[in-house]
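Report on the following structure.
Naming: A, B, ... by sequence-line order, numbering from 1 per chain.
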Amino acid sequence: MAVRQSVVKVYSCFADGMAGTLSEIEVSLSPGIPTFDVIGLCDSSIRESRGRIRAALISAGFTMPKGHITVSISPAYMRKSGSAFDLPIAIGMLLASKQLPAPLNAKIYSEGELSLKGEIKGTPGSALRLKAAAGADYSMVIIPEEERVAAASVGLHGMTVTHLSNLDNIFIYKEYVCEEFRNEHDDAEDVPDDESIDIAVLKGQEKAARAVLLTAAGRHNLLMLGAPGCGKSLAGKIVKGLLPPLTQDEWSDVYSIYESAGLFDQQDLRSVKRPFRCLSPGITVSKLIGGGKPLKPGELALSNNGVLFADEICEYGNDVIDSLRIPLEEHSVRIDRDGVSYIFPASFIFVGAGNPCRCGMLYEGKCKCSPMARRRYAMKLSGPFLDRIDLFCEMRNVRTEDLEAIALPEEMRESPSLRSRVAEAWEMQRERYSGLGKGIYNSNMDSDSPAEIMRADSSVIKAAAGAAGMSGFSARGFLRLIRVGRTVADLDGRQDMKPSDISEASLFRDSHFINV
Amino acid sequence: MEYSDKNLTDLMFTAMRFSAAIDRKCLEELSAAGAITDYRDLCVDIDKVKEIAEQDDISERTSERLKKIVNEHDDIRRRFDGYLKIASDNDIKIISSDDPEYPWAWKQLSGMPPVFFCKGNTDLLKKCYTNGAAAMVGSREPSYYGKQATVDYAEHFAERDVVTVSGMATGIDRIAHSATLNKGGDTIAIVPGGVDVIYPPKNQDLYDAICNRGLVLSEMPPGQAVLKQYFPARNRLISGLADITMIMEAGQFSGTLHTASYAASQGKDLFVLPHGIYSANAIGGLYLIRDGAEVIIDKETIDDRIAECLVQRLGQTDVPGNIEDLRKIAEEEPDRLGEAEWKAVIMDRLTAGPKSFDELSGLWVIDFSKLSVLLQELEGNKLIGVTEGKYSLTFQR
């Protein structure tokens, strides 16, 4: 007796950490006692799709196929979760039961969650999944209308649907239209950020203003120490206001991670902007590096391409400070779980702010701490952590004598004009390091011959060696001087570095911590 | 090489000095008697010299020597021609006490040559003044330990941009020069014979290297062969030019001890590298330590001492003009001030107490990067330091 079994294959994808994995969904329909099994290490969110699919099919005017239904989702050895498999499973069942005619030799990609009424909805992580799908070659791509922006951000072309009954048009009336989704981000104006603060508030604190500018221009890490209320908490927001708008690549990265974390409204593109994440002393390690089930990116990954601002950093737990160390060095976060390593990109500008001592008045000359207490306070930030900070700067309360003297040249007053200088500096860096890879700036530039690439001649190296020797720097400290010096030159628009760049860079070394 | 009239007169004087033994004593006597105002007077007019020699108030000793100048004038002339040829063939520069290049340190001492000869980069003489200089001298046959310490300290000076001074002999001298040059530092060799005379001859390579990037200097006329008795006199120039003198290794009867005693009498700080008591070749150094010389233990002490010398001289004399005027210029026309003037103004401000970067930059209209360079250099020379985020003077004056 011939077995009247029919098997249909539909393609889909699931996201795990920051990677989308393509999967094949096979739907087998054979005569027998009506059953409906979904196999392939699926969690309950996928197994529950049976109920949604059954109801949705009926709501859309189809019938639930009668017989033995087995759905297998590959790769079978990986754990999967999420409700985005609803639509591909439903399509597979409709094709297998011949309720819809199967197009010849068609590779169908699909994803989407079904409601009981048959509506098709988007799910978080779509940008990651569609990015993986964009790399493969499919003849039909059917995705929820809500994922239009995500598809545009990764350059995937296809057709959007809102209801299961739309499938009639596609398969019966052959009205599949491959649409090239347009990225509306391209048209979005560069709206000034109302949260950011102008650098002009640092009037009279030239050193701090310069530190903030260098931080933005070279994507360096900054630590600001000062008395309570002197405005160091503003530093992060000032840095943010100096950063140029997101490039297309950055936009896509930021979009996909925020989308997978479900952190913004999919339709409001203006909410996709350069990240600014603010930490406060209560933060836990898992919130910082990410975790949960399913895996959610932590603050470090969410700060990628933006600013991570740590307020009152001296009050953080040691474990939090230590968990910042490797991400600051490697510009990525790694989470090991169930034998799988998840790597999230985390290339951000770190801005820390804190008090120099327990009473906070050290730089005001009114410190009431005992030398021992001061020492203990400064020891809260570990040496290896401080070693990864490029710029240190102290801040003071603005005093009348500072207010009288405004030595800043006129054109340096406002953030907007500085912002374009920062953009130029970034452009110089991208061009210089284009041979080394994407997303390389002065702060994370790593090479066997840094001097050559950064165009530092022997006089600059000598100056850096001299300055490094003077304050007992480590080898990393030496490189740090050259990196910051390079940013000084970039802000000047100079191709070659000169020794005075090093002098300026060494102004921002961690003298406070060395002196204790 | 082109020479000015002044250079030629100086060369003539050198010839007279050698031929007729006109020493410092003679010159002092003549100027005390009002017969001459300047040593060059002797070189201009031979009849005048004759006249002076006849004067009653001149001692027998001087009078004889002056007569010798008159009688042996042809011989002096020949010497002069010989010197001139060697000097111009070898690009030797002639520097006298009224030239701007003349070392500041020598002007502070008596018995330093009014005229000297050199080959190489004369800017280093100014650098001795602005960045400090350290003399490193010692045995011709040093122990491994002595060599090691010499290399270590010479390289340290090269990194700190401090000039090293030595005598281009074999052993410690050679190591001090070459280690400094290898690290890209500046070095001055003060040789016992003429500037063109390489002694010992096997140091030809070192001589070439120093002429190229450093400075070779001598008070002896060009072409003068090396004689044993010239060494002690040469040693006084080494200790005189440097801020501190470091004895790296010296036996009990070593010539290096001359340098040590000159340094002591010139009021320079003397540092001795401590060796074991069983190394006979270094026992002279241990005796110096017993007599009160300082011991080389760490580089910080040495750096601090050089810095202290810098503070004293840069603080007092380098200000070209009056500090009151400078203060006013800094406030009214800041562009007119040069680097040295700015440093003086900054240090002047810091005498009133510690100031932060922002406070300093608020005082004048000065570019951020310019101020940071000035502060960095002052800090590098250990003239100022940073505590609790504020700059202050390292040594209160």
Side-chain angles (χ1 to χ4, degrees), chain A residues 202-210 213 225-226 356-357 362-365 367 374 392-396 398-399 401-409 412 458-459 461-463 465-471 488-489 491-492 498-509 511-512 514-516, chain B residues 131 152 155-162 182-186 213 298-300 303-304 307 330-331 334 339 343 349 352-392 394:
Chain A
L202 289 178
K203 198 182 282 182
Q205 305 213 39
E206 266 197 85
K207 188 175 172 185
R210 188 73 179 167
L213 181 58
L225 295 174
C357 60
L362 183 66
Y363 297 138
E364 309 294 323
C367 177
R374 215 182 290 166
F392 293 83
C393 187
E394 71 276 357
M395 270 183 94
R396 288 181 184 75
V398 177
R399 284 187 287 176
E401 61 185 273
D402 285 330
L403 282 174
E404 283 164 14
I406 302 159
L408 274 174
M412 280 179 65
S458 59
S459 66
I461 297 295
K462 198 175 165 191
M470 195 162 87
S471 39
V488 175
L491 266 179
D492 255 13
K498 52 184 192 186
S500 68
D501 298 337
I502 300 294
S503 302
E504 197 173 324
S506 67
L507 204 62
F508 299 104
R509 65 187 190 277
S511 50
H512 167 66
I514 284 174
N515 284 348
V516 242
Chain B
N131 291 31
D152 191 19
E155 289 184 346
H156 175 68
F157 290 135
E159 276 167 15
R160 297 278 330 264
D161 234 8
V162 168
N182 287 344
K183 271 275 162 172
D186 298 314
R213 287 198 9 237
D298 55 10
K299 290 168 184 150
E300 282 71 40
D303 290 346
D304 284 350
E331 267 157 39
E339 206 167 283
K343 284 183 186 171
R349 270 292 172 171
K355 290 239 180 319
S356 72
F357 186 93
D358 296 328
E359 283 166 343
L360 286 172
S361 80
L363 289 170
W364 312 286
V365 180
I366 181 169
D367 188 49
F368 185 92
S369 95
K370 188 171 169 189
L371 182 58
S372 66
V373 170
L374 291 168
L375 290 171
Q376 180 65 22
E377 281 178 11
L378 285 170
E379 206 188 333
N381 290 336
K382 299 221 172 182
L383 296 175
I384 60 173
V386 190
T387 37
E388 294 172 10
K390 291 192 177 191
Y391 292 92
S392 54
T394 40

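Residues B:Q376 and A:I502 have side chains not in contact (no heavy-atom distance under 4.5 Å, counting atoms from C-beta outward). Counting heavy atoms from C-beta outward, A:L213 and B:F368 have side chains that stay 4.5 Å or more apart.
Rounding to the nearest 0.5 angstrom, the gap separating the NZ atom in B:K370 from the CD atom in A:E504 is 14.0 Å. Of the inter-residue distances, the one linking A:R210 atom CZ with B:D358 atom CG reads 13.0 Å to the nearest 0.5 angstrom. The OG atom of A:S503 sits 11.0 Å away from atom CG of B:L371, with the distance rounded to the nearest 0.5 Å. Atom-to-atom distance recorded for B:S361:OG and A:K207:NZ is 10.5 Å, nearest 0.5 angstrom.
Residues meeting the side chain to side chain donor-acceptor pair (under 3.5 Å) test with A:K498, sequence neighbours left out: none.
There is no contact between B:D303 and chain A, counting heavy-atom distances below 4.5 Å.
Although no hydrogens or angles enter the test, the distance criterion places a donor-acceptor pair under 3.5 Å between the side chain of A:K462 and the main chain of B:G184.
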